[in-house]
Enquirer: 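One structure follows; several queries about it will come next.
We name chains A, B, ... by the order of the sequence lines, and we start the count at 1 in each one.
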2 protein chains.
Amino acid sequence: MSPRRTVAEARQTRAGIVRHGVDVASVEGLEGLTIGRLAADLGMSKSGVLGHFGDKETLQLAVVELAADEFWRDVWEPVGAVAAGLPRLRAVAGSWLRYLTSDRLPGGCFFMAAGPEFDDRPGPVRDAIAGAADRWHRELLHQARLGTVTEPEQLVFELTGVMLALHAAHRLRRDPAAATNAARAVARLLDRP
Amino acid sequence: MSPRRTVAEARQTRAGIVRHGVDVASVEGLEGLTIGRLAADLGMSKSGVLGHFGDKETLQLAVVELAADEFWRDVWEPVGAVAAGLPRLRAVAGSWLRYLTSDRLPGGCFFMAAGPEFDDRPGPVRDAIAGAADRWHRELLHQARLGTVTEPEQLVFELTGVMLALHAAHRLRRDPAAATNAARAVARLLDRP
DNA sequence: CCTACCGATCGGTAGG
DNA sequence: CCTACCGATCGGTAGG
């Protein structure tokens with residue numbers, strides 16, 4: 001409660017702000033994430049929140065970075081031990097499907113909301129979001145090539161489309177068949193290389 | 001310039017506000033669309049803008065309605081004469097592809113941005129967006145069934161995924177191969193019923 | 001990490 | 001369709 005905290009305490013406070021920021025942004029959007037909202041939710045003053053970042057853009061960048069780390073941990077790390085190439089591609093598709101239907105974040109996949117929100121807003125935040133999307137795209141491409149797929153770029157494009165369609169059908173149209181449609185589409189893409 | 005306009009003039013003013021609102025919302029988002037921004041762009045006062053709608057939500061609903069009309073006109077109407085079933089499905093896929101790469105709206109497809117933005121915001125605006133998505137989904141399904149496709153729901157799901165992947169690859173990652181990848185994916189879906 | 005501010009902008013209203 | 005407002009909230013700063 002005292003205004004002077006240790007460095008470790010301050011680090012923890014900052015981490016808590018960013019963690020909650022990912023949740024809020026997944027619902028309200030990354031621009032709709034306001035400092036006042038975070039402060040109220042966390043029982044802090046606005047300047048107490050802002051002091052950890054300096055300005056809103058730096059806060060947004062921290063939120064994008066944590067969201068990317070968490071996506072990697074939830075989707076890629078569980079399948080890191082699976083044999084590289086097609087087996088790992090199948091495994092990551094499976095954990096990606098589970099992630100999208102698990103409602104792990106209150107507003108669904110952070111990046112499927114932040115992408116369309118920021119694709120027309122040039123700047124460091126857009127660059128960070130696009131950079132994360134690029135890294136996953138290249139990683140998928142790498143596994144597809146190791147699997148000696150005939151058209152790796154085509155496969156990764158279509159696989160990404162399945163995940164986007166799942167997100168849209170599940171969260172906007174609330175289509176109960178979304179998950180099975182997506183699983184079938186993945187099988188058609190990856191079970192006949 | 002006089003404060004009293006004819007009914008026809010007022011209707012035109014209103015239509016101009018909504019038309020510009022679609023453009024602004026395609027870039028800034030439907031929540032980022034502000035009355036002050038519209039007023040400044042159109043050389044009007046805020047209350048002059050708001051007077052046509054009463055509140056922001058009614059303005060947002062008018063914007064969603066016009067965006068849906070324009071999407072229908074740009075994507076469906078040009079292929080309305082094509083034979084129903086698979087031929088029309090192929091034709092609408094083609095005009096949908098062209099629409100997404102034409103940069104017809106300054107911020108890309110309105111609904112691919114508004115969907116993720118509002119899927120977690122219950123209310124009439126979300127309902128209007130989901131309703132439009134539902135209508136197109138059912139129309140695609142109808143044509144697929146007329147084409148005696150073996151799994152119509154699966155086909156429409158995957159076709160939608162291709163369009164979402166095109167939008168993401170084109171606008172966020174700026175992948176120059178996006179359009180050809182999408183065209184190839186559509187061909188694989190529709191040229192072997 | 002707080003209180004106490006700042007100017008700008010938000011959606012919206014009153015009244016003409 | 002305007003001017004002239006309203007309270008609330010925005011991002012951000014000063015100073016402790």
Side-chain angles (χ1 to χ4, degrees), chain A residues 1-21 24-25 27-64 117-118 121-126 128, chain B residues 1-21 24-25 27-64 117-118 121-126 128:
Chain A
M1 294 300 157
S2 89
R4 282 280 172 269
R5 311 288 175 97
T6 67
V7 175
E9 281 171 334
R11 212 192 305 263
Q12 253 189 3
T13 302
R14 190 196 136 110
I17 296 168
V18 180
R19 174 77 276 290
H20 188 60
V24 173
V27 174
E28 311 284 347
L30 198 45
E31 199 60 41
L33 175 70
T34 69
I35 295 152
R37 160 73 188 272
L38 280 176
D41 287 359
L42 298 169
M44 296 174 65
S45 67
K46 284 193 338 179
S47 77
V49 169
L50 198 57
H52 287 276
F53 307 95
D55 56 24
K56 182 174 178 176
E57 186 174 275
T58 308
L59 164 64
Q60 289 174 319
L61 289 170
V63 166
V64 172
E117 184 185 3
F118 270 83
R121 299 176 180 247
V125 179
R126 196 215 116 97
Chain B
M1 292 296 159
S2 89
R4 282 277 171 271
R5 312 288 175 97
T6 66
V7 175
E9 281 171 335
R11 213 192 305 263
Q12 254 189 4
T13 303
R14 190 195 136 110
I17 296 167
V18 179
R19 174 80 275 290
H20 187 61
V24 173
V27 175
E28 310 285 348
L30 198 45
E31 198 61 39
L33 174 71
T34 68
I35 294 152
R37 160 73 187 271
L38 280 176
D41 287 359
L42 298 169
M44 295 174 65
S45 66
K46 286 194 334 178
S47 77
V49 170
L50 198 57
H52 287 277
F53 307 95
D55 56 24
K56 182 175 178 177
E57 186 174 276
T58 307
L59 164 64
Q60 289 174 319
L61 289 169
V63 167
V64 172
E117 185 185 2
F118 271 83
R121 298 176 180 247
V125 180
R126 196 215 116 97

Enquirer: Would you mind telling me which of D/dC2, D/dG12, C/dG12 lies closest to the side-chain atoms of A/Asp55?
Expert: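 Within the option list, the nearest is D/dG12.
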Enquirer: Among residues at least two apart in sequence or on other chains, which ones pass salt bridge (charged side-chain N to carboxylate O under 4.0 Å, His left out) with B/Lys46?
Expert: none
Enquirer: Among residues at least two apart in sequence or on other chains, which ones pass salt bridge (charged side-chain N to carboxylate O under 4.0 Å, His left out) with B/Asp41?
Expert: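 Partners of B/Asp41 under the salt bridge (charged side-chain N to carboxylate O under 4.0 Å, His left out) test: B/Arg37.
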Enquirer: Round to the nearest Å and state the distance from A/Leu38 atom CG to C/dC1 atom P.
Expert: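 Result: 13 Å.
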Enquirer: Strictly by side chain to side chain donor-acceptor pair (under 3.5 Å), give each pair with a member in residues 49-61 of chain B just once, sequence neighbours left out.
Expert: B/Glu31-B/Gln60, B/Asp55-B/Thr58
Enquirer: Distance check needed: C/dG12 C1' versus B/Gln60 CD, whole Å only.
Expert: 14 Å
Enquirer: Pairs counted only when both distances fall under 3.5 Å, Watson-Crick or G-U: show me the 5' to 3' dot-bracket for DNA chain C, [ ] for pseudoknotted crossings and | for other-strand partners.
Expert: ||||||||||||||||
Enquirer: Would you check if the side chain of A/Arg121 reaches a backbone N or O of B/Glu28 as a donor-acceptor pair within less than 3.5 Å?
Expert: yes
Enquirer: Specify the separation, in whole Å, of atom NE2 of A/His52 and atom P of D/dG11.
Expert: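 After rounding, the reported distance stands at 17 Å.
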Enquirer: Starting from C1' on C/dC1, measure out to CZ on A/Arg14 and report it in whole angstrom.
Expert: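 Atom-to-atom, A/Arg14 to C/dC1, this comes out as 16 Å.
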Enquirer: Does the side chain of A/Phe53 come within less than 4.5 Å of A/Leu61's, by heavy atoms?
Expert: no
Enquirer: So do B/Ile17 and B/Leu59 actually touch side chain to side chain, heavy atoms under 4.5 Å?
Expert: yes
Enquirer: Distances for protein N/O vs nucleotides 3-10 of chain D N/O pairs under 3.5 angstrom?
Expert:
residue, atom, partner, partner atom, Å
D/dT3, O4, B/Ser47, OG, 2.7
D/dC10, OP1, A/Thr34, OG1, 3.0

Enquirer: Over how many whole Å does the gap from B/Leu30 atom CG to C/dG11 atom C1' extend?
Expert: 15 Å
Enquirer: Counting only heavy atoms not in A/Arg11, do more than 12 sit closer than 6.0 Å to its CZ atom?
Expert: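 No, not enclosed.
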Enquirer: With A/Val27, which residues qualify under side chain to side chain contact (heavy atoms under 4.5 Å, CB included), at least two apart?
Expert: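 A/Val27 satisfies side chain to side chain contact (heavy atoms under 4.5 Å, CB included) with A/Pro106, B/Asp120 once adjacent residues are dropped.
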